[in-house]
Amino acid sequence: MWQRVQNLGHRNLGYAGYEVTDAEFPFMHVVTPVVTPDRYLLAASDALKVASWSMGILWIAARVYQLRFFRVFPIGCWSGYYDYEHCCLANRSSQSWVDIILREIDTDQFYGMDEFYTDSQYGNDFGYYSTGRVLGKSDGKTAQEFAHYTTYPMALSPHFGRVLCRLVFIMWIQMKEKAPFRVVEMGAGSGQLAHDIHVCVKRNELGIEPAVWRRFVGAFEYVIVERSPALARRQRERGLKVVNGDAQRKDSCPSVLRALASSDACSAAFSSAPECQVSDRADKHTAASVVLSNELLDAFAPVKLQLSIYGQPVVTHCRAWQEIRMVHIIKLKDLESISQALHHSEDRISAMAMDLEGYTNEVFCRVTNTSVGQAAMACAPTSSCLAMVIALSEIMNHHDLHLPAAAHNMRLRLRKDAELCQRLQGMVSELEENFQNSVVLPRQVYRMLRHQLREAVDLELLFLTSATTRQVPVPLSERRCEDLKWWFEVHEARIQRLIDIYRPLGYPNIQLLLRPGERNFVELVDCLIGKEGFMLAVDYGATFEVGVIHFSIDPRFPSLPPLRRSPAAMAALFQQLFTREQGLGRRPSYSLQKLQALHDRLQSILETDESAEAVEVIRSMTEALLWGEQNDDNDQFFDFFCENCILSDFVQILGRNVPKTVKVQLLQSLSMLIQNIRRPTSLYYLFSNNYVNQLIATQFDWSDEEILSYYISFLKSLALRLNQETVKFFFNERSQQFPLFTEAIRFFSHRDQMVRTSVRNMTLRVFRLDDEAMQRFVLRVARPYFQRLSEYLALLWCQLEEARGSSAMEEANDEQQDLLMYICDVLELNNQQLNVIVVQQFLQHACYPFLLHSVWSDAPELLSCRTALFLFHEIFQGVQRRDVVEPLALALLSDGDDATSGAAVCSAPRRPEILEVWEPFKVEDDPKAAPSEPPLRLRGKMLQLLRSEEALLTAGVFRSCLSLGISNLLPSELLVDTGLLPPVPRSRPTTPATPLEVLLMAAEALENHSAMSMLVVQALCRLCMDVAFTPQARSLSGAKDWTHRPKAAVGRAMQGAARQVRSFIHNLGDAFLDIFAEVWDLDHEAAPLPELCKATLSLATEKSAAESDSQQAFKAVRVMLMLRRFHSDLSEGGGSPRHGGYRAAAPVATGAEGGGIIDSALTPLSGSESPLQIPEEEFNTLGGNSFQLGRMDRIVCGIVTPEGRHSRYMILHHYLLLLVQPDILTPGYAVVKTLVPLRYVEPLDCSDPRQLCLKAKNLEEPGESMTINLTFEDTKRCSIAESHLMKHRKQVRERLCKKVLDFTEKLCEAFGEAEAS
């Protein structure tokens, strides 16, 4: 009977003689009680092992087992016919054989594809990017800077950069000309794209209108986020701003935001501005506007996964997936040769070889000892463990075998499928030849070897050619599962669609590449741009599905495997997979008969005065006409429209008292018709018979915003069609009527910004038309129009004054700037007659009565002096037209015979009264006009303001005038008389009494720097620099004479600042050291001073709250260093500045003399050394690979790095904290692993009493900090180390404070001696 059960099992169950476990056959774990005379039957697996049971019990057991088996598996699966339909669908709940063979080993020792990619690209030892191998030798002339490949920004330079520059400009327009407009580029490579975009912006290569371009240049900022130190150095060499960060890590956000907040515009004086604040997440003020990248996303570290698609895999479960990891294999003889070349000892080489052999055998033989491994070894008994595991991993890619994923299926296939065994034997035989006497290199060993080979290029090449890389699928670890679970859930539907594609084609699995860094990148971008901004990622990779096709094809076969379905079935399959129901019916078609019926209905409505159906009839007629425009080749539809005068019917309907809905539908329909007509003849039909002008002149209820918006859209549509041909339809020369223009300008001051913008665009389009008769008419209307427009601008100025200091100030400033730019746009059309009218009205009705009076008067009523100066600066910067700026500069910079005589002429203005909708403007008979002389001359007043609270804006106005003079927009004689330029010898009979008086007044004002804000001091310094180092001043003979008094004033101011610094050193003590270091570093960055008056913040500058001692100390040191350099430059006699960093101030053009205005970059004095500078011998002594320890005190500690935990010696050098590793090859010597100046070290709180946590400055990445966690044996050693460290740190800081004090004392003495002499 026992033999009978065995035969039954062999025939029906297919596993005779094999011990079944619950883990491998989970469906067998069943208790089936069967009552027998002596006991219960527990389970089939137990019953088969009990030989002493009675015949009946055994038979019942066999029957129970047989029923349960066939309930799950079809018999055909075990009968020798192995295919998908008969066998492999039965594996839904079974365990994968990959999990069976690899679950017992530590697969983390194998490189994940993302880990190897990261090491080989960005690793410190052999990273292609981080080590700089990517870079070629740049000759400075070509854009090709990569050694082995190129990218579009380099290959297509500068054209590719201009394309993105245009996109960036459009984004700036879309964001309503946001300022500052910050662009962040992730992973900039050689920096070519950033360089080309910078050049495009600075040189206006897009050909933007100058007024718009100036605003764009002023708002534009650019920061690069770079991970590679080598690439970051190359980018900085090109003058680009770079911050260290990884685009695949969302925690890079705070460091990028800090870099944005430390931009050139955010000096210490502007540190309280909203856009200069530092935060961990961007808000609307601190956010980047654009985050762009080129070929970055496809360079993120990839993870390669494999999914078995037999059965119904649950793609969101990690058990359904395996990760493809990399195994590095090398022959022992090659490894020994390389080790000998690295001068390893024989003992070390032998020990390493033994360790690696033991590791290889232990890991891979444990795999072959599993049930699947044993079945595979039966096919190739002489195989090594390594060759068998690699063969099993790679045979899964042989899709023609249709290998199952379930463990029990794979075991049975290996035992019963001769073809599979034969294929496996061939693979193993080939691998044995390659892997004979080979070992596997764990990840840490591979990294160690690459580290040792980093300087030996030839040996590294030998190692790379000797080592072999193979891919092995492993179960997902818990950590990897947690990292990728979001990806499975997000792409569940797409993955399921791929399964539906590939499973019918016979594929047992598919492989996918995914980049987890993409999610972090999106989160990083979201952190940087906040709620509003653009992400521009340029990449050239394949789509999700196309990438899977590549990884799913067997690499041994260039085409798809044979298909088991008929061609008709495959056609149906692909049609089902790749076609979608569009859900869209056919577009309705129209006929002349239908259009006739609609027209008849419209006539009925007109006769009966029934307007209820008018909306639907008008809408249907519009659709029919548009359909005819696109589909009727014979113009029959528009012929019908014109022959039946349907447009006159529309006019007739509008003339009646019809409901609002009808009017709205008519205006909307007409706009649609005008916008969508493509044929000129149809357009002429529509505009003929003067019906359009009648529609324009129709008076609606302008208080209804909906009707007004559709009416303005209607006018805008007409204006877009306005050209030399169509203007005749709108302008009636005989009756002198131009309703499109005269009706539009009635709304120039409407409260709705969309309405105002549309009106301005329409008028500009009219002004551009070169039609003589039409232009004569426009000039006759221009005087009253621009008079009211100038009064409206003055009203906006008054509203800006009222909004000062409030949240509405920025909006009010934007309003007046928009209107100012509109006036500039009109002037730049270069219509001479129109320009005379515009300038006259602008000066007489806005600038003279409001701005000049506010500067002249001691108690202005509508505008304060501060607001007027700000607006003067805005005009000089924005409207750089000689006919505008020269009269205004003449009023501000020249002296009259009697400055008070203009009081009657320039009486206090009244607040303008502006309407939302004006009555039609009068047509004047004589539009000729000429600008009048300014009523006031205010040079004396302006010089006084340099010493007042308005010094900031006054300096800005003076500097703007100097820029205009250098650009030949102002006469040089005016600037000489003012004191901004030196007199030219023998060019004039008289010269000013005090040459360069503005320079002297500003320098003397600096003596009172303690009562000024930092911003005012910077503004005065910048003005002094600009005046002192113009090309004319540099070439002036006898420079010692005119520089004596300014230099003496600057020296006195410098001496006062040095005394202040000296007092703060005594008061603040140790804390002053950090302040001085911060200011010195800020000085050393050569960042230009903030653009004066650029932001409306300068408008609202009021008396700030009391400054703390630290703030006052910061200001005193900043002023001292700034004036120190300025005094040094003046000491050179007014020639070129002795220190570098000066550059022409953009966007001012170069003057006729060949020079531009100096932009005060205020770089450190050449050859100057910080008193905090650590002596170079400190670094030179430690700069080699190792140094002699000698009798240095050292404490043993531990530190954790990305490579693992290491032991270190903590050594306190003269000024440095060192963490060193003993040099094994040279006893008594050590290699410096970490080097930090002691003055930057600060203790942090640690939860572990045996751990010392330190915060230190990162010397490799300026502005960044790093955390060092040191671990000691016990709390006592940790306490001793901390005490020793803090004591030494205090001594170092005291020595450095003494150095700073000596530095300040020398300055006081030097300037005192100079003053005495």
Side-chain angles (χ1 to χ4, degrees), residues 106 108 115 118 124 244-246 248-258 278-281 443-444 447 477-483 485-486 516 519-520 523-524 527 1070-1071 1073-1074 1077-1078 1193-1213 1215-1222 1230-1293:
D106 181 14
D108 285 340
E115 297 164 344
T118 301
N124 295 330
N244 177 259
D246 185 356
Q248 300 179 73
R249 295 176 59 92
K250 57 186 176 184
D251 55 9
S252 300
C253 180
S255 60
V256 180
L257 291 177
R258 281 196 297 272
V278 178
S279 59
D280 292 335
R281 189 173 184 85
R443 183 173 54 185
Q444 295 300 335
R447 282 176 174 168
S477 64
E478 292 184 6
R479 177 185 61 84
R480 184 72 84 185
C481 176
E482 188 66 27
D483 292 342
K485 197 166 184 63
W486 68 270
R519 183 192 191 191
N520 294 334
E523 293 180 355
L524 173 60
C527 177
D1070 182 69
L1073 194 64
D1074 297 326
E1078 181 183 356
D1193 294 335
R1194 46 192 180 269
I1195 303 174
V1196 179
C1197 61
I1199 186 171
V1200 178
T1201 68
E1203 290 77 21
R1205 191 180 186 280
H1206 304 279
S1207 295
R1208 297 282 188 264
Y1209 286 152
M1210 186 180 81
I1211 297 177
L1212 302 180
H1213 212 253
Y1215 290 93
L1216 303 173
L1217 166 65
L1218 306 178
L1219 296 177
V1220 303
Q1221 176 181 340
V1231 179
V1232 177
K1233 293 298 184 179
T1234 305
L1235 181 149
V1236 179
L1238 266 170
R1239 68 184 177 91
Y1240 292 128
V1241 176
E1242 297 178 11
L1244 299 174
D1245 292 334
C1246 280
S1247 57
D1248 189 348
R1250 295 175 301 172
Q1251 199 173 46
L1252 178 59
C1253 301
L1254 303 174
K1255 179 182 178 182
K1257 183 177 181 180
N1258 191 339
L1259 296 181
E1260 296 182 356
E1261 297 294 336
E1264 300 294 327
S1265 61
M1266 61 180 180
T1267 303
I1268 304 173
N1269 297 328
L1270 305 179
T1271 306
F1272 298 86
E1273 260 186 48
D1274 50 42
T1275 57
K1276 182 178 179 181
R1277 292 176 187 244
C1278 182
S1279 177
I1280 293 173
E1282 182 177 10
S1283 175
H1284 188 47
L1285 175 66
M1286 292 299 105
K1287 179 181 177 181
H1288 201 71
R1289 175 182 180 273
K1290 182 178 180 182
Q1291 294 172 355
V1292 168
R1293 291 177 70 88

side-chain contact (heavy atoms from CB on, under 4.5 Å) assessment of Val1220 paired with Arg1208:
CA-CA 5 Å; Val1220 303; Arg1208 297 282 188 264; over 6 Å; no
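- At a threshold of 4.5 Å between non-hydrogen side-chain atoms, the residues Leu1285 and Leu1238 count as touching.
- With rounding to the nearest 0.5 Å, the separation of CG in Leu1218 from CD1 in Ile1211 is 6.0 Å.
- Between Tyr1209 and Val1196 the shortest side-chain heavy-atom distance falls below 4.5 Å.
- With contacts defined as side-chain heavy-atom distances shorter than 4.5 Å, the pair Leu1219/Met1210 qualifies.
- When every heavy atom of Pro1237 is checked against every heavy atom of Leu1216, the shortest pair comes out as CA-CD2, 3.8 Å.
- With rounding to the nearest 0.5 angstrom, the CD atom of Gln444 is 5.5 Å from the CZ atom of Arg447.
- Separating the SG atom in Cys527 from the CG atom in Asp280 is a distance of 7.5 Å, to the nearest 0.5 Å.
- Within the 4.5 Å cutoff, the side chain of Glu115 has heavy atoms near those of the Arg443 side chain.
- To the nearest 0.5 angstrom, Glu1282 atom CD is 11.0 Å from Ile1195 atom CD1.
- The shortest non-hydrogen separation linking Arg1239 to Arg1293 is O-NH1, 2.8 Å.
- Residues Glu482 and Arg479 have side chains not in contact (no heavy-atom distance under 4.5 Å, counting atoms from C-beta outward).
- Contact detail for Gln1251 and Cys1246: the closest heavy-atom pair is O-CB, 3.7 Å.
- Remark: Arg258 CZ to Ser279 OG distance equals 10.5 Å, nearest 0.5 Å.
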Applying side-chain contact (heavy atoms from CB on, under 4.5 Å) to Leu1217 and Leu1254, what does each step give before you reach the verdict?
CA-CA 11 Å; Leu1217 166 65; Leu1254 303 174; 4.0 Å; yes
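- With values rounded to the nearest 0.5 angstrom, Lys1287 atom NZ is found 11.0 Å from Leu1212 atom CG.
- Between Met1266 and Val1236 the shortest side-chain heavy-atom distance falls below 4.5 Å.
- No more than 12 heavy atoms of other residues, nucleotides or ligands sit less than 6.0 Å from atom CD of Glu1273.
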Atom pairs and distances, donor-acceptor, side-chain atoms in residues 248-256, under 3.5 Å, two or more places apart:
| residue | atom | partner | partner atom | Å |
| --- | --- | --- | --- | --- |
| Gln248 | OE1 | Ala301 | N | 3.2 |
| Arg249 | NE | Asp251 | OD1 | 3.2 |
| Arg249 | NH2 | Asp251 | OD2 | 2.6 |
| Lys250 | NZ | Glu523 | OE1 | 3.1 |
| Ser252 | OG | Asp246 | N | 3.1 |
| Ser252 | OG | Asp246 | O | 2.9 |
| Ser252 | OG | Arg249 | O | 3.2 |
| Ser255 | OG | Ser252 | O | 2.8 |

Under the side-chain contact (heavy atoms from CB on, under 4.5 Å) rule, what do Asp1248 and Cys1278 come out as? Steps first, then yes or no, please.
CA-CA 10 Å; Asp1248 189 348; Cys1278 182; over 6 Å; no
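- In this structure, Arg1277 fails the cation-pi test against Phe1272, since its NZ or CZ atom is not both closer than 6.0 Å to the six-membered ring centre and inside 45 degrees of the ring normal.
- In this view, Arg1250 satisfies the side-chain hydrogen bond (donor to acceptor under 3.5 Å, both in side chains) rule with no residue, not counting sequence neighbours.
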